[in-house]
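Presented below is the structure to which this report refers.
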Amino acid sequence: MYNLLSATTQIQKDANSTFMLIICAVPVAFVLVQALLFFRQARKRGKEIGMKDSDINKAIRGSAIFSILPSVPILLFLIILAPGLGLYFPWLRLSVIGSGVYENLIATTISTGAGFIGFKGLTAEVFIVIMFTMTFAIITSPLLTVIGMKPIIKKVDDLENQKDTFGPHLVPAIFIGLLVSIALPALLPKNVLVNGVAKFTVPWVAIITFISSAITVILLNKLGSNKKYAFLKDFSFPVSILFGMLVAIIVTMISGGGA
Amino acid sequence: MRTREQHTNEVHRLGRVTNTIAIILMILVPVLFSIKIGVGLNMELFIQHGVPLVVIYMIVCVTEVFAYVPILGAAGSYLSFITGNIGNMKLPAAIAAQESLGVKQGSEESEVASTIAISVSSLVTVTVLTIGLIGFSFFSSVLENPVLKPGFENVLPALMGAFATPFIIANPKKAAIPVIFIIVLQYIIIPVLPVGIAKIVPMFLTFLCVVITVAGSYVMFKMEKKGGSKNE
């Protein structure tokens with residue numbers, strides 16, 4: 001387990017210094033303020049267009065509960081990155097802008113490319129290269145929103161308003177493409193390195209987890225459509241996710257961890 | 001009451017200003033750290049190992065903006081592309097909020113719902129990670145517990161099972177397009193590509209899936225229209 005006290009090299013000590021904490025905390029704090037500003041703006045607009053307080057509160061409550069579980073695996077990437085990059089910089093990258101997979105891939109690719117095994121014994125030079133690469137690699141998206149968001153949104157709105165054309169079907173098609181691209185890859189059999197040997201493996205645990213939470217959400221929504229059990233609909237997502245995770249634990253235990 | 005256009009302009013203004021500040025603050029982190037420890041950016045190392053990654057990610061980022069913006073809307077996109085974790089967190093949170101309120105996608109109500117959901121989701125993620133940072137030793141022992149670990153490792157399939165299935169069941173024909181594409185890509189196309197390219201292709205999966213699904217849906221739309229006009 002990683003421990004701040006186990007930081008032995010100078011760069012590890014610097015990475016866990018108060019200075020690093022402060023320079024990382026500033027953008028995190030700013031993004032929190034930014035989220036609150038957008039929240040306030042949306043809430044104000046919601047009231048202007050006649051949305052009920054109860055609906056707005058429902059959206060707040062629902063997304064807060066929904067977001068807790070998917071946030072937890074991001075902590076796993078903090079555990080992976082902390083031994084090499086310290087606690088604070090990965091905390092910044094994973095809290096705002098980055099995603100666990102991207103950040104880990106960049107850090108690992110550079111440290112391996114520079115001749116290190118994992119993050120062990122990283123030099124200050126490599127550490128700085130990793131920091132700059134992580135920063136510049138993913139800055140393009142927000143930069144593009146600053147430059148090009150208005151025309152993109154306008155074009156999409158124009159297309160959606162063109163009746164009897166493909167325009168109104170564009171966004172639903174994009175949405176389905178996105179969903180499948182996120183959901184499917186984790187469920188497909190692939191070659192996995194087992195003791196250094198590539199082995200074609202079917203991810204049974206992931207597949208059973210997916211099916212379990214899918215069935216749960218369908219059942220809860222079906223029950224929730226009955227007025228008597230309407231409350232079930234509000235909790236169908238978090239309950240289904242939690243049930244899926246529980247199934248993953250049970251299947252792994254039954255299969256002895258090999259599924 | 002402000003018109004929709006006035007509100008949209010305010011969203012763009014807030015988004016541009018805050019995202020610009022956030023970008024500057026993020027760039028300042030490696031710059032200030034580098035100055036503080038007295039170690040500059042080694043250009044040789046950066047060009048050799050960093051720049052190729054930056055170039056690839058820049059292209060991925062551009063494609064992701066075009067894929068996600070139509071779904072997340074203006075306010076949701078400004079915030080999502082700063083806070084990250086879009087596919088596994090912000091997108092599901094936004095759609096779940098729209099669904100729970102029963103609002104039509106593309107309406108002003110849906111934009112309000114998704115912006116609230118993305119804001120709240122961002123606040124929750126930062127809070128969870130900060131709690132994790134403070135109690136790092138405790139959480140790492142919990143998350144690395146061999147019994148619980150499979151649960152945390154399978155959050156994405158659990159989340160997507162709950163979130164994606166109702167939409168996929170409601171649109172089986174459209175959903176079949178990216179499903180077939182991903183299977184063909186993974187088992188037929190990628191194995192015959194040179195290793196270097198094969199490693200990069202999955203990074204563009206989201207964009208490729210969106211393009212293929214839009215193209216397939218367009219063909220289906222044209223065919224249905226043709227069939228409809230023949231029947232008339």
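Below, each value reflects all heavy atoms present in this structure, side chains not excepted, and no hydrogens, waters or symmetry copies. Every chain is numbered from 1 and lettered A, B, ... according to where its sequence line falls, protein lines coming before strand lines.
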Margin query: A side-chain contact here means heavy atoms from C-beta on lying under 4.5 Å apart; do Ile74(A) and Met89(B) qualify?
Written below: yes
Okay, Leu184(A) and chain B: the region with an atom under 4.5 Å from a heavy atom over there is side chain
Value for CZ (Phe81(B)) from CD1 (Ile138(A)), rounded to nearest 0.5 Å, stands at 11.5 Å
If you tally heavy-atom pairs under 4.5 Å between each of Asn9(B), Thr18(B), Val128(B) and chain A, the highest tally belongs to Thr18(B)
Arg45(A) side chain to Arg2(B) main-chain N or O, any donor-acceptor pair under 3.5 Å? yes
Distance col, row Phe237(A):CZ vs Ile95(B):CD1, nearest 0.5 angstrom, shows 9.5 Å
Cut-off 4.5 Å, heavy atoms of chain A, and the answer for Thr130(B) is both
Cut-off 4.5 Å, heavy atoms of chain B, and the answer for Leu92(A) is side chain
Notebook entry, point to check: For the residue pair Phe132(A) and Phe46(B), does the interplanar ring angle fall in the parallel (under 30°), tilted (30 to 60°) or perpendicular (over 60°) class?
Noted result: perpendicular
Original post:
Relative to each other, are the rings of Phe166(A) and Tyr218(B) parallel, tilted or perpendicular (30° and 60° limits)?
Top reply: perpendicular
Interatomic distance, CZ@Arg4(B) vs CD1@Ile49(A), rounded to 0.5 Å, equals 8.0 Å
Rounding to 0.5 Å, atoms CZ (Phe38(A)) and CD1 (Ile82(B)) come to a distance of 9.5 Å
Heavy-atom nearest pair, Asn154(B) first then Val205(A), reads ND2-CG1, 3.5 Å
Counting heavy-atom pairs under 4.5 angstrom with chain B, the leader among Ser240(A), Ser236(A), Ala114(A), Pro90(A) is Ala114(A)
When rounded to the nearest 0.5 Å, the distance separating CE of Met131(A) from CG of Leu32(B) is 9.0 Å
- prompt: Using the benzene-type ring in the case of Trp, are the ring centres of Phe136(A) and Tyr57(B) under 6.0 Å apart?
  reply: no
To the nearest 0.5 Å, atom CZ of Phe66(A) lies from atom OG of Ser100(B) at 11.0 Å
When the 4.5 angstrom heavy-atom criterion is applied to Ile212(B) and chain A, the contacting part is neither
Ranked by heavy-atom pairs below 4.5 Å to chain B, first place among Pro185(A), Gly244(A), Ser17(A), Pro70(A) goes to Pro70(A)
- Message: If you apply the rule side-chain contact (heavy atoms from CB on, under 4.5 Å), what do you find for Leu36(A) with Ser119(B), and how did you get there?
- Response: CA-CA 7 Å; Leu36(A) 286 170; Ser119(B) 311; over 6 Å; no
